[in-house]
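First up is the structure itself, then whatever we jot down about it.
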Amino acid sequence: MSLLFRRASLASLGLAVGLSALSLSPLMAQQTAPAPADAAAPAAAPVDPNKVIATVNGQPLTEADLVLAEGELSQQFAQLPPEQRRAAALSAAIEIRVMAAEAVTTGLDKDPDFQRRMAFLQERALHGEMVEKGVVDKVTDAEVRARYDQEIANTPPTNELHARHILVKTKEEAEAIIKQLDGGADFQKLANEHTSDPSGKTSGGDLGWFGPGQMVPEFDKAASALEVGKYTEQPVQTQFGWHVIKLEDKRTKQPPAFEDVKDQAKQAVIRDKYFALVKSLRAGAKIEIHDANLKKTVDTLESAK
C-alpha cells in the first residue's frame, strides 16, 4: 500500500502553487471547563473587503488588497509578533505601490523581459486557479474513501513478528548460548546477561513487533522462518554481529485506519485528477517542439507520469 505509507509527491506535478497545504495536521487542543455563555468573547464583525485602508497617490488600497499582501508575504513576516504583521503588510503594500508606479513612469513595464515574465506569472497564477477550482475543489469524500478502499484491496496481507534476540560478537559465543537454551535455560535471562544490544539488557532482548524490511535481510529471513516459541538452532550473522533469535508471536499486519491516511489518499486522488486533466488538455492542444533531442526528453518525462 505504498501510496498510503508515504506522502504522495505533489512536487512531481511541477506546480509552483501551495498544494502542500492539502496535507492537514490534526489540531490538538487541551480543553478546560466551558466558560459561561455571558463570558464568551463577542464574535468578530465581518470585514468589508472593499473598505479603504489607505490611499497611495489617490488610489485606494483596500482590505482585500491588504489580506492579499499578508498572504503573499507571510513568510517574510513569520518572525514578527502577530500584532505587527498587519502593519508590516500595509507598509509593504504601500512600498510596492510606489515602486511599481515609479517603474511605470520610467518605462520599465515596456521592457520585453519584464513583459515575458509578467505573461508567465499570469499563466502560472491561472494554472494555480485551475488546479484549485478545477481539481482540488471537485474531489469528493466518496472518491477519497474509494481510493483508500482500493489501496487496501490491492495490498497483499503481510505478517508482523514479535521476536527477541541475543547479540554477541563471535559465532562461538552464540553457539554456547544456543547450547544453554537446548539445556532448558531461560532465553530472557540469557539475553539480559549476554546481549551486547543496550536496549535488550533489561528487556530480555525484546525487539517488539516489526514488519518485513524493518530488520536487516539476514535477521528478517531467519526470524520469518521460525515457528512461534522456537529459537534459531544456528547463529545468525549480520553486520552487527552474531544473533540468537526467538520468535515470540506473529500476526497479520493491520492496514492503517482511514482517518490516519485520509490526507494521503486525498492527495493521491488530486494527483490522478490533475494528470488526467493535463493529459486531456495536451491531447487537444497543438504542441510542436522544434528541437528533436529536447522533444525526445520531454516525451520521456511525459510517458513516465
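No hydrogens, no waters, no symmetry mates; every other heavy atom, side chains included, goes into these values. Just so it is clear, the model here is predicted, and its values are computed rather than measured. Residue numbers run from 1 in the order of the sequence given.
Looking at heavy atoms from C-beta onward, I178 lies in side-chain contact with P235 at the 4.5 angstrom threshold.
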Side-chain donor-acceptor contacts of residues 275-285 below 3.5 Å, not counting sequence neighbours, with atom names and distances?
none

Side-chain donor-acceptor distances from residues 209-225 under 3.5 Å, at least two apart:
residue: Q214; atom: OE1; partner: G211; partner atom: N; Å: 2.5
residue: D220; atom: OD2; partner: G213; partner atom: N; Å: 3.1
residue: S224; atom: OG; partner: D220; partner atom: O; Å: 2.8

Side-chain donor-acceptor pairs of residues 243-250 under 3.5 Å, sequence neighbours excluded:
residue: H243; atom: ND1; partner: H165; partner atom: ND1; Å: 3.0
residue: H243; atom: NE2; partner: T238; partner atom: OG1; Å: 2.7
residue: E248; atom: OE2; partner: R164; partner atom: NE; Å: 2.7

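Between G204 and N192, the shortest heavy-atom contact is N-OD1, 2.8 Å. Across every non-hydrogen atom of A93 and A69, the tightest pair is CB-CB, 4.2 Å.
Side-chain atoms of Q267 never come within 3.5 Å of backbone atoms of Q264 as a donor-acceptor pair (strictly under, hydrogens ignored). Using a distance-only test at 3.5 Å, with no hydrogens or angles considered, no donor-acceptor pair links the side chain of Y274 to the main chain of V136.
Ion pairing of R116 with D113 is present here, as a side-chain N (NZ or NE/NH1/NH2) and a carboxylate O approach within less than 4.0 Å. A salt bridge does not link E129 with R124: none of the charged nitrogens is closer than 4.0 Å to a carboxylate oxygen. Taking 4.0 Å as the cut-off between side-chain N and carboxylate O, D141 and R145 do not count as a salt-bridged pair. Under the 4.0 Å criterion applied to side-chain N and carboxylate O atoms, E227 and K230 are not assigned as salt-bridge partners. Using a cut-off of 4.0 Å between Lys/Arg side-chain N and Asp/Glu carboxylate O, K273 and E143 are scored as salt-bridged. For E151 and R147, the salt-bridge test passes: some basic side-chain N is under 4.0 Å from an acidic carboxylate O.
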- Mind running side-chain hydrogen bond (donor to acceptor under 3.5 Å, both in side chains) on T105 and E102 for me, showing each step along the way? CA-CA 5 Å; T105 299; E102 180 64 17; 4.6 Å; no
- Task: Test K295 against D291 for salt bridge (charged side-chain N to carboxylate O under 4.0 Å, His left out), laying out the working first.
- Result: CA-CA 6 Å; K295 181 179 185 306; D291 184 311; over 6 Å; no
- Query: How far apart are the C-alpha atoms of D65 and K51, what are their side-chain angles, what is the distance that settles it, and do they pass the salt bridge (charged side-chain N to carboxylate O under 4.0 Å, His left out) test?
  - Reply: CA-CA 10 Å; D65 296 327; K51 178 182 177 181; over 6 Å; no
- Message: Would V168 and I177 count as a side-chain contact (heavy atoms from CB on, under 4.5 Å) here? Give the steps.
- Response: CA-CA 10 Å; V168 292; I177 289 170; 3.8 Å; yes
- Item | Step-by-step salt bridge (charged side-chain N to carboxylate O under 4.0 Å, His left out) determination, R86 to E63 | CA-CA 11 Å; R86 182 172 169 85; E63 180 68 35; 2.8 Å; yes
- Task: Let me see the working for R97 and Q59 under side-chain contact (heavy atoms from CB on, under 4.5 Å), right down to the final yes or no.
- Result: CA-CA 9 Å; R97 282 280 181 94; Q59 298 298 314; 4.2 Å; yes
- CA sep, side-chain torsions, deciding dist, call: K201, D197, side-chain contact (heavy atoms from CB on, under 4.5 Å): CA-CA 7 Å; K201 285 186 174 296; D197 179 358; over 6 Å; no
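The list of ring-ring contact (aromatic ring centres under 6.0 Å, His included) pairs with a residue in residues 283-305, not counting sequence neighbours, is empty. Identified under the ring-ring contact (aromatic ring centres under 6.0 Å, His included) test for residues 77-124, with sequence neighbours left out: none.
Residues L226 and L181 do not share a hydrophobic cluster, clusters being chains of Ile/Leu/Val/Met/Phe/Trp/Tyr side chains in contact below 4.5 Å.
Other members of the hydrophobic cluster containing L66, listed by chain and number, are I53, V56, L61, L90, I94, V98, M99; membership follows side-chain contacts under 4.5 Å among ILVMFWY residues, whether direct or relayed.
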